[in-house]
Structure formats: C-alpha cells, structure tokens
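First up is the structure itself, then whatever we jot down about it.
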Amino acid sequence: KFYKATLCLAYQSFGVVYGDLSSSPLYVYKSTFSGRLRLHEEDDEILGVLSLVFWTLTLIPLCKYIIFVLGADDNGEGGTFALYSLLCRRAKLGLLSASDASDDDISTYNSGLPRKETVASSILKEFFDKYHSSRIVLLLLVLLGTSMVIGDGILTPSMSVLSAVNGIRIKAPSLHENYTLFIAGVILVGLFALQHFGTRSVGYLFAPILLAWLFCISIIGVYNTIYWNPHVVSALSPYYVYNFFKKAGKDGWSSLGGIVLCITGAEAMFADLGHFSQLSIRIAFTVIVYPCLVLAYMGEAAYLSKHKEDLQKSFYKAIPEVVFWPVFIIATLATMVGSQAIISGTFSVISQCRALKCFPRVKVVHTSNHIHGQIYIPEVNWILMVLCLAVLVGYRDTDMIGNAYGLAVITVMLVTTCLMFLVIVMVWKRNILGALAFVIVFGSVELFYFSACLAKVHKGGWFPLVLSLILLSTMCIWHYGTLKKQAYELNNRVCLDMLLSMGTNLGINRVPGIGLIYSNVATGVPPMFAHFVTNFPAFHRILVFVTVQSLTVPKVPANQRFVISRIGPPEFCLFQCVVRYGYKDQRNDTHDFENHLIETVAEFLRNGNNDGEAFRWETTNQQQSSPSDDVTSRFENVVCSESSKKTVRFRGVGCSKELEDLREARESGLAYMMGSTCVLACDTSSYLKKFAINIVYGFLRQNCRHPAVALGVPHTSLIEVGMVYRV
C-alpha cells in the first residue's frame with residue numbers, strides 16, 4: 001500500500017509540480033544566444049552551453065533540492081515560510097507576533113527529537129538574541145523571497161505561453177508578431193478566467209499532458225542526437241564548461257542569465273511539498289523529469305551544431321516535420337499547466353502571508369473539499385492577469401521577459417540557501433562545516449548566476465526588482481501597522497476589577513443571547529468593549545471574548561484549536577476564547593465555527609477545567625456528587641499587568657444550570673461585536689511614521705477586505721464599535 005500510494009502521488013506531482021521546469025526547453029537556448037553570445041556560434045560554445053545546462057540541472061534541482069532542501073520540511077509543508085516557521089519555533093528567531101505566543105501545547109510545535117546544542121548554534125542564537133535588528137533582517141529576507149515568488153506568478157505565464165505560441169511563426173514566417181501576442185493574450189485571459197473553478201475538475205488531465213510532453217521532447221532529443229551529432233554526449237564532461245568560459249569570456253558570463261532559465265520551477269518541488277511526499281517528488285524527478293530534460297537539451301544542441309542559423313528558433317526548428325503540429329499543441333497545453341501550477345502557488349504564498357499578518361486581508365476561496373491547499377483569491381487573480389498582459393504587451397519579446405524571469409528565480413533560490421544554512425546549524429544542530437559547505441557549493445553557483453542576471457537589469461531585469469520593492473514595502477507597512485494596532489489594544493485593555501465594577505456603576509442590563517466580542521487581546525477585556533459599555537450599558541447574557549491567532553505552524557489539530565477560559569465568577573457568564581490557526585489551515589464557515597465554539601464552551605463547563613494561556617482555572621471535587629452539585633474552584637487571573645497578579649476565590653454555580661443557560665442563550669440568538677477602528681500616528685510621530693500609518697496603512701485598510709468579511713461574520717448579526725487609535 002505504501003509503494004502504491006507513493007507511486008500514485010509521484011504520478012499526480014507531474015501535473016502540479018513540474019509544469020514550469022518541464023517547459024524550460026522552449027526558451028533556454030533562444031534566451032542564452034540572444035545577447036553577445038550569438039557572436040560565438042561555434043561548436044565549442046554550443047557544447048559549452050549544453051554542459052552548463054546539464055551541470056546546473058544536476059547541482060541545483062537534483063543535488064540541492066532533491067537531496068537536501070526537501071528534508072527541511074515543516075510537518076510535511078515546504079516553501080520559504082516553512083523554513084522560517086522552523087526557525088521561529090525550533091530556534092526562537094521569530095519576529096512575527098504570533099510566534100511569540102506561548103502555544104507549546106500544540107503537538108505539531110514539538111514534533112521531531114530535540115538535538116543537543118552545538119557551539120555554532122549557541123553562538124548564532126546568542127547573536128540573534130543580542131541584536132534584535134538581525135531578526136528584522138531575517139524577516140525581510142523571507143518577505144523578499146515571497147515577493148519574488150509572486151513575481152514568478154506574473155512572469156511564468158507570460159514567458160511560457162508566448163514561447164509556445166511563437167511556434168506558429170515557424171510555419172508562417174510572414175505572420176506579424178502582434179497576432180502571436182494577441183493569441184497569447186487570449187490564452188492568458190482564458191487561463192485566469194478559469195481559476196475560480198479550481199484545478200480539481202481538470203486535475204486528472206494535468207499529469208497525462210506533462211507526461212506526454214516529457215515523452216515527446218525526450219524522444220525527439222534522442223532522435224536529434226543520433227541523427228545530427230552523437231558526439232554531443234561528450235559535453236556532459238565539465239571540461240566543456242571550462243572551455244566555454246575560456247573562449248567566450250565575458251560574453252559567456254553574460255549568457256548565464258539565459259542558462260539559469262533551465263531551472264525555473266525547481267523551487268516548486270519544495271514549495272508544493274505539502275500536497276505530496278518527499279519520496280514521491282524524488283522518484284518523479286530522478287526517474288522521469290531529469291532524464292527527459294537532459295535528453296531534450298542534448299538533442300537540441302545536436303541539431304544546433306549543424307544548423308547554427310537557427311539559434312533564435314531552435315526548439316521548433318529541431319522538431320521533425322511530421323510531428324510538428326502535435327508537439328506544438330502539446331507544448332501549448334504544457335505551458336498552460338505550468339502556468340496554472342505557479343498561479344496556484346502564488347495564491348498559496350499570499351494566503352500564508354495573510355495568515356501571518358504580512359499581507360492585507362483578501363478573500364480566500366477553497367475550491368476543493370477533498371484536496372487541501374487548492375484555493376482561489378479573486379482580487380489577486382485579476383491583478384495577476386492585468387500584470388501578465390502588461391508584461392506581454394510591454395516587453396513583446398521572450399528575451400526581455402527572460403531577463404526579468406531569471407532574476408526572480410535565482411533570487412528565490414538564494415533566499416532558500418541562506419535560510420537552509422540557519423536550519424542546518426540551528427534546527428538540525430549539524431556541524432557548521434557542513435552548513436558552510438552547503439552554502440559555498442550551491443551559494444557560489446547561484447551568486448554567479450545572480451551577478452549575470454543583475455547585469456541585465458537595464459534589459460528587462462528591473463521589473464522583478466521594482467515589483468518586489470513595492471510588494472515588500474506593502475507587506476512591511478501592513479505588518480508594522482498591524483503590530484502597532486495590537487500593541488495599542490494590549491496597552492489599553494481593561495482590568496478585571498474595572499469590568500466587575502461596571503455593573504453597579506452603570507446599571508448594565510443583560511439581554512438574552514450570546515455575544516462574541518472579537519479583538520486582538522488574548523487576555524483581559526479589549527478597550528473597544530469598554531468603550532461600548534460606557535456608551536451603551538447593556539450586553540448579552542453570555543459573553544465570549546474571541547481572539548483569532550495565526551501561528552507559525554502549518555496546521556493546528558482540530559482538538560487543539562480552541563482554548564477556553566473563564567473571566568470572573570461563573571454567575572457573570574464571561575469567557576475568553578483563543579482560536580488558533582496554522583498558516584495553511586482552512587478557516588471554517590460561520591455556521592461551523594459557531595457550533596464548534598459553543599460545543600467547546602459546553603465541554604469546558606462539563607469538564608470544569610481550563611488549560612488557557614493567560615487564565616488557569618483549576619477544579620477540585622470536594623466529594624463525590626452529581627453534576628448538578630456546586631464545585632469549589634480557584635480562579636487565577638493575570639490581566640492588569642505583568643507585575644500585578646490577583647487571585648479570586650469563589651464558589652461556582654452548578655454545571656447543569658450553566659449548560660442550560662448556554663442552551664437558552666443559543667436559542668435566543670448570537671451577535672458579533674467588532675471594532676471599527678481608525679488607526680492614526682501620534683502628533684509627535686516622525687513624518688515617515690505618519691506617512692506609513694496615516695497614508696499607506698490607512699489606504700490599505702480602506703481598500704482591503706473588511707475584518708468581518710474575512711472572518712465570515714454575517715452582516716445582519718454584526719455590531720461595530722467606532723474608535724480612534726493613536727499609535
């Protein structure tokens with residue numbers, strides 16, 4: 001059963017993981033020989049490019065990702081945030097507010113055997129503890145990698161689809177490029193228009209299309225190698241790399257910006273790990289994808305060695321006449337599959353950023369009830385489509401798009417290499433020499449490619465830099481504004497004594513029903529509720545203060561999602577509920593959430609214990625009695641300040657009566673209360689802070705999804721309380 005399931009996952013991975021990587025032969029040679037390298041159209045240069053492609057495929061996807069990086073999963077999840085999540089929990093390097101929460105009771109937090117601290121890990125940990133700015137740099141590095149992944153989501157569809165459609169001009173040379181651009185644009189619009197259906201309905205078609213594509217390019221590669229130049233096999237020797245740079249010199253270094261395109265999509269093997277398994281991805285790449293790509297590049301080089309005049313259109317020219325149109329159709333379909341995979345990956349990355357409060361609130365639609373992680377974000381989808389069409393119309397050429405594409409791809413890989421160094425030393429607790437060897441071997445190769453891509457900034461490479469700067473600034477300002485807003489609520493929360501005195505001073509009335517008070521305060525009473533009560537002295541018979549936390553862990557087990565605690569004596573019927581989600585958890589709809597919350601409160605009342613974070617409510621039975629008997633309880637509350645602790649002893653009411661009150665309140669109805677806040681910088685703040693908070697953060701809050709919409713709160717049951725926060 002294990003082998004059968006693994007092979008089934010390996011088969012499915014072709015349609016999700018390898019679309020981008022497998023479509024690279026469409027444009028690698030064309031992009032490589034688009035610059036000054038076209039002046040070196042000799043066999044040594046062609047074989048040197050083939051040798052570089054072979055060793056790049058061997059070193060980066062095969063050695064780095066398949067052997068090492070796939071092992072750095074976060075409870076089965078992969079990607080940039082998975083590495084950061086590991087560092088947040090296992091090495092305590094987190095800067096995100098969620099990572100500071102005391103949630104060590106979650107089982108996934110402590111998965112894996114603890115290893116003994118090494119000298120290197122202790123030194124690095126001490127460095128990060130001493131210099132808080134180093135944690136900020138680490139978070140910025142992660143967000144930079146995330147921004148570049150989003151850039152991939154814009155450049156991959158444009159590059160892949162336009163490269164495939166350009167094949168028409170091989171058979172119709174007189175066709176104007178505007179027609180190919182129009183056809184590519186129509187395909188892209190159709191691709192983005194179909195996103196809301198999800199990939200599940202057509203998912204079974206993806207793997208066969210990619211397998212047919214890999215089969216075609218490998219067979220054609222074998223045919224071209226045997227027919228045109230069998231001696232290209234010798235180019236697998238690294239000597240040809242040395243010979244290439246010896247003869248091409250600086251022009252050879254400049255061409256690396258095109259060669260790096262052969263590993264586009266390699267990061268997807270790690271990013272999509274959560275949908276499959278390490279073994280299935282390793283089998284699919286090493287047994288099928290890697291050999292097929294090597295054969296395809298080898299055959300194209302064999303054809304080019306005899307047809308140097310076709311360097312700018314080598315892929316389609318190398319296809320035998322009899323199979324041209326079938327291969328063209330499969331190529332177009334394969335690029336659509338590859339584009340679909342990277343678009344879905346972009347949705348997933350943005351969803352993770354949103355969950356960790358690093359991205360404005362957007363609507364996340366889960367398109368499949370059976371396959372976890374298949375989501376659709378309407379706002380992002382249409383913005384991606386517009387930007388893809390802008391890239392298509394603005395660049396009009398795959399060479400220019402390739403320069404931008406290569407820079408985005410290699411930047412993400414460099415970020416992964418840097419994070420892997422920290423994981424090897426601080427999470428795996430391995431020898432620092434091994435971590436340095438990893439960085440030196442793979443990082444030096446990636447830096448070599450990165451320098452060549454940077455040299456082409458003026459030739460189209462500026463786009464991912466500008467885009468990532470905009471996205472990075474947006475995410476940083478959103479996160480900064482959110483932290484300031486939460487800090488204000490935490491510093492202005494209301495103590496328990498003040499809440500208990502409100503009843504007598506204000507003459508508060510209790511109305512039937514359950515009130516859910518949403519706030520970011522996990523302990524105590526939020527300032528928004530105190531503001532409401534002083535102006536409108538009435539609230540529901542049962543109150544639950546709800547705090548939604550997104551943790552730096554992929555998934556929180558369902559039985560550990562809700563943490564219930566009591567505020568004040570039982571007769572007050574006040575509860576605190578912390579709802580914890582992982583960054584890849586699917587949020588329940590409102591009806592399910594209500595039912596689970598009320599069931600958890602009922603279970604809390606039945607059990608008479610509390611494992612909450614800020615509240616510890618211990619129950620001891622003085623004698624064997626029926627459930628309706630009173631119980632003696634001790635309530636310990638720490639809300640006023642870290643230095644002030646107050647213990648309240650009381651005699652609780654009967655459990656069955658509280659359950660009956662809960663049932664009656666549920667039948668009376670349920671209302672939600674949220675703050676409608678205006679966040680402004682203090683008058684004494686700097687101009688930079690005022691610009692970030694008042695203008696940028698204010699603009700983002702006004703134009704993103706309302707918190708009630710993001711949480712699925714029904715509009716008819718919503719009460720909003722207006723407040724101004726001066727941060």
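In this text, all values refer to a predicted model and were calculated from it rather than measured experimentally.
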Sidechain-backbone polar pair: T264 side chain, V260 backbone, donor-acceptor under 3.5 Å: no
Can you check whether K459's main-chain N or O pairs, donor with acceptor, with N403's side chain at less than 3.5 Å? yes
With a 4.5 Å limit on heavy-atom distance, are the side chains of V362 and C704 in contact? no
Walk me through whether V16 and F206 qualify under side-chain contact (heavy atoms from CB on, under 4.5 Å). CA-CA 7 Å; V16 176; F206 285 8; 5.5 Å; no
I want to check something: taking the side chain as every heavy atom from C-beta on, are Q195 and I343 in contact at a cut-off of under 4.5 Å? yes
Keeping the roles fixed (side chain from R561, backbone from V556), state whether a donor-acceptor pair exists under 3.5 Å. yes
Side chain to side chain donor-acceptor pair (under 3.5 Å) between T56 and Y449: does it pass, once the steps are laid out? CA-CA 10 Å; T56 303; Y449 280 115; 2.4 Å; yes
Would you call the rings of Y290 and F285 parallel, tilted or perpendicular, where under 30° means parallel and over 60° means perpendicular? tilted
Close side-chain approach of L419 and L138, heavy atoms under 4.5 Å: yes
Hey, does V49 have a side-chain heavy atom less than 4.5 Å from the side chain of F33? yes
On the 0 to 90° scale, with breaks at 30° and 60°, tag the Y84-F81 ring pair as parallel, tilted or perpendicular. perpendicular
When rounded to the nearest 0.5 Å, the distance separating CD of E446 from OG1 of T411 is 10.0 Å
Please report the C-alpha distance between V409 and M413 in whole Å, then the side-chain angles of each, then the deciding distance to 0.1 Å, and finally whether the side-chain contact (heavy atoms from CB on, under 4.5 Å) criterion is met. CA-CA 7 Å; V409 168; M413 292 183 176; 3.9 Å; yes
Here the gap from S22 atom OG to L210 atom CG, rounded to the nearest 0.5 Å, amounts to 5.0 Å
Looking at F192, is its backbone amide N or carbonyl O close enough to the side chain of N381 to form a donor-acceptor pair, meaning the two atoms are under 3.5 Å apart? yes
Any side-chain heavy-atom pair of D152 and M148 under 4.5 Å: no
Can any side-chain N or O of S254 pair as donor or acceptor with the backbone N or O of D251 at less than 3.5 Å? no
Of the non-hydrogen atoms in P157 and L188, which two are nearest, and what is the gap between them? CB-CD2, 3.5 Å
Under a 3.5 Å distance rule, please check whether S31 uses its side chain to pair with a backbone N or O of V28 as donor and acceptor. no
CZ/R354 to CZ/R361 distance, rounded to the nearest 0.5 angstrom? 10.0 Å
Between L143 and T80, is there a side-chain heavy-atom distance shorter than 4.5 Å? no
Gap between atom CG of L472 and atom SG of C476 - 0.5 Å precision: 4.5 Å
Between Y131 and F127, ring centroids under 6.0 Å: yes
With sequence neighbours excluded, tell me which residues meet side-chain hydrogen bond (donor to acceptor under 3.5 Å, both in side chains) with S280. S277
Strictly under 6.0 Å, is that where the ring centroids of F68 and F438 end up? yes
Stepwise salt bridge (Lys or Arg N to Asp or Glu O under 4.0 Å) test for K125 and E117: CA-CA 10 Å; K125 191 173 186 345; E117 287 282 347; over 6 Å; no
For A235, is there any backbone N or O sitting under 3.5 Å from a side-chain donor or acceptor partner on S51? yes
Test side-chain contact (heavy atoms from CB on, under 4.5 Å) on F699 and I695; report intermediate values, then the result. CA-CA 6 Å; F699 174 82; I695 298 177; 5.6 Å; no
Please determine whether side chain to side chain donor-acceptor pair (under 3.5 Å) holds for the pair Q486 and T482, giving the CA-CA distance in whole Å, both sets of side-chain angles, and the decisive distance to 0.1 Å. CA-CA 6 Å; Q486 291 180 350; T482 303; over 6 Å; no
Which pair of non-hydrogen atoms, one from L50 and one from Y29, has the smallest distance, and what is that distance? CD1-OH, 3.6 Å
Distance, nearest 0.5 Å, that separates CG of L551 from CZ of R89: 9.5 Å
Scanning both residues in full, the closest heavy-atom pair of T32 with G258 reads OG1-C, 3.4 Å
Look at the side chain of S351 and the backbone N and O of F347, then say whether any donor-acceptor pair between them is shorter than 3.5 Å. no
Minimum-distance pair of heavy atoms, taken over all atoms of C418 and L141: CB-CD2, 3.9 Å
Exercise: identify the closest heavy-atom pair between S160 and S23: OG-OG, 4.0 Å
A quick test of your reading: do over 12 heavy atoms of other residues, nucleotides or ligands sit less than 6.0 Å from NZ of K689? yes
Does the side chain to side chain donor-acceptor pair (under 3.5 Å) test come out yes or no for T416 and K64, once each step is laid out? CA-CA 10 Å; T416 300; K64 177 187 171 183; 5.3 Å; no
Any chance you could measure E267, atom CD, to Y65, atom OH, to the nearest 0.5 Å? 3.5 Å
Determine whether L293 and S24 make a side-chain contact, defined as any pair of heavy atoms from C-beta on separated by less than 4.5 Å. no
Tell me whether the rings of W478 and Y697 are parallel (<30°), tilted (30 to 60°) or perpendicular (>60°). tilted
Before giving the answer on side chain to side chain donor-acceptor pair (under 3.5 Å), spell out for Y18 and S13 the whole-Å C-alpha distance, their side-chain angles and the decisive distance to 0.1 Å. CA-CA 7 Å; Y18 298 109; S13 69; 4.9 Å; no
Tell me whether the count of non-hydrogen atoms from other residues, nucleotides or ligands lying under 6.0 Å of NZ in K484 goes above 12. no
Judged by atom type as modelled, is there a donor-acceptor pair below 3.5 Å linking the side chain of K456 to the main-chain atoms of C453? no
Just wondering, do K357 and L483 contact through their side chains at under 4.5 Å, heavy atoms? no
Could K555 and D74 be called an ion pair, given the rule that one side-chain N must be under 4.0 Å from one carboxylate O? no
Hey, mind stepping through V364 and Y376 against side-chain contact (heavy atoms from CB on, under 4.5 Å) and telling me if it holds? CA-CA 6 Å; V364 177; Y376 167 68; over 6 Å; no
Output all residues satisfying side-chain hydrogen bond (donor to acceptor under 3.5 Å, both in side chains) with T118, sequence neighbours left out; order by chain, then residue number. S121
Any side-chain to backbone donor/acceptor pair from S348 onto G345? Under 3.5 Å, distance only. no
With distance as the sole criterion, is a donor-acceptor pair present between the side chains of E126 and S122 under 3.5 Å? no
Indicate the atoms forming the closest heavy-atom contact of L155 with A408, along with that distance. CD1-CB, 4.3 Å
